[in-house]
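Quick caveat, the model's predicted, so the values are computed rather than measured.
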Amino acid sequence: MDTSWRSRLTSLLLAVWSYIRSAPGTYIWLAVLFVTTVVMHHVSPSQLDDLLGERSTNLHNLSEDPVRALIRSALWISGGGWLFYAFLYTVFHATAERWLGTLRWLTVVLIGHVVATYISEGVLLWAIRHGRAPETSVDTLDVGVSYGLAVVEAVLTYFLVFRWRFFYGFCVLGFYGLALVHGRTFTDVGHFTAVLLGFACYPLTRGRPGHLDPAAVFSRAVRRISRDG
């Protein structure tokens, strides 16, 4: 490897490390998810069912120890690989944390995770009491980080310059709205609720510096590629 390539690689690694340090909450969370994902791949299917069942925010666990259930459920990935979530966390969570600051970002995540969980499980409880779902649904598996991701995706609407906000917000609302219409599960309710909560978190975004203009970013990227090419 010649000196120029070594210098470029060093610069790239330093840039990546700087980006990670600028969003500590996001990447600490990802590190925990990496560990729990490794655990999931080293236990038997029956052990995994028991493991996730104990960490689920289902009606049974929420009634027994809600705080513990809510914390533990956010430390496991339900479906999808860790690399896929690492990409989503970098695009959405890290961007939001860098923009809002760690405390405000975490507040948004907690609002989405906690409130959307209770509303979705409340819908499930209503369905059970009205005979629309079996009694065994109190133990339905509900783990993962998707409510926290949905709420952050929505709050990032306010990170965009004004002319792009409606388009982006409509896309986020449409994506989760269509999932709710077609799926009509309690988790679909939770995701859609988290999106609405993200839009409602506007007061937490006021006064934050900087707004992203996708068109300007694209233009700069094209110019850079043309110059380097």
Taking a hydrophobic cluster as the set of Ile, Leu, Val, Met, Phe, Trp and Tyr residues connected by side-chain heavy atoms closer than 4.5 Å, whether directly or through intermediates, do [X] and [Y] fall within one such cluster?
| X | Y | result |
| --- | --- | --- |
| Phe92 | Tyr19 | yes |
| Leu178 | Phe192 | no |
| Ile20 | Phe34 | yes |
| Val181 | Val123 | no |
| Leu180 | Val115 | yes |

Open item on the list: Tell me whether the count of non-hydrogen atoms from other residues, nucleotides or ligands lying under 6.0 Å of CZ in Arg132 goes above 12.
Closed with: no

Task: Leu156 and Tyr168, any side-chain heavy atoms less than 4.5 Å apart - done: yes

- [ ] Measure the shortest side-chain to side-chain distance between Ser120 and Thr193 over non-hydrogen atoms and say whether it is less than 4.5 angstrom.
- [x] no

Quick one: closest heavy-atom pair of [X] and [Y], and the distance?
| X | Y | value |
| --- | --- | --- |
| Arg98 | Ala23 | CG-CB, 4.3 Å |
| His113 | Leu70 | NE2-O, 2.8 Å |
| Val155 | Cys201 | CG2-CB, 3.9 Å |
| Ile111 | Leu197 | O-CD1, 3.8 Å |
| Ala96 | Val152 | CB-CG1, 3.6 Å |
| Ala69 | Leu62 | CB-CD2, 4.3 Å |

Open item on the list: Which label fits His191 and Tyr176: parallel for a plane angle under 30°, tilted from 30 to 60°, or perpendicular past 60°?
Closed with: tilted

- [ ] On the 0 to 90° scale, with breaks at 30° and 60°, tag the Phe159-His211 ring pair as parallel, tilted or perpendicular.
- [x] tilted

Taking atom types as modelled, is there a side-chain donor on [X] or [Y] under 3.5 Å from an acceptor on the other?
| X | Y | answer |
| --- | --- | --- |
| Ser46 | Asp49 | no |
| Asp142 | Thr57 | yes |
| Thr187 | Tyr147 | no |

Just by distance, do the side chain of [X] and the backbone of [Y] share a donor-acceptor pair under 3.5 Å?
| X | Y | result |
| --- | --- | --- |
| Asn61 | Asn58 | no |
| Thr107 | Leu103 | yes |
| Arg104 | Leu204 | yes |
| Tyr27 | Thr90 | no |
| His130 | Trp126 | yes |
| Trp29 | Ala74 | yes |
| Ser137 | Thr140 | no |
| Thr26 | Tyr89 | no |

Quick one: pull up [atom1] in [X] and [atom2] in [Y] and give me the separation to the nearest 0.5 Å.
| X | Y | atom1 | atom2 | answer |
| --- | --- | --- | --- | --- |
| His93 | Glu153 | NE2 | CD | 8.0 Å |
| Glu121 | Ser56 | CD | OG | 6.5 Å |
| Trp76 | Leu51 | CH2 | CG | 4.0 Å |
| Arg72 | Leu52 | CZ | CG | 10.5 Å |
| Ser146 | Tyr85 | OG | OH | 6.0 Å |
| Leu100 | Trp105 | CG | CH2 | 10.5 Å |

Open item on the list: What verdict does the side chain to side chain contact (heavy atoms under 4.5 Å, CB included) test give for Asp188 and Thr185, after you've listed the backbone C-alpha separation in whole Å, the side-chain angles of each residue and the deciding distance to 0.1 Å?
Closed with: CA-CA 5 Å; Asp188 292 321; Thr185 66; 2.9 Å; yes

Open item on the list: As a quick check of understanding, evaluate side chain to side chain contact (heavy atoms under 4.5 Å, CB included) for Phe199 and Leu173, giving each step before the final call.
Closed with: CA-CA 10 Å; Phe199 292 144; Leu173 192 65; 3.9 Å; yes

Task: Thr36 vs Ile77, side chain to side chain contact (heavy atoms under 4.5 Å, CB included): CA-CA, chis, key distance, verdict - done: CA-CA 8 Å; Thr36 56; Ile77 293 174; 5.7 Å; no

- [ ] Take Leu106 and Leu110 through the test side chain to side chain contact (heavy atoms under 4.5 Å, CB included) and record every step on the way to the result.
- [x] CA-CA 6 Å; Leu106 184 59; Leu110 288 174; 4.2 Å; yes

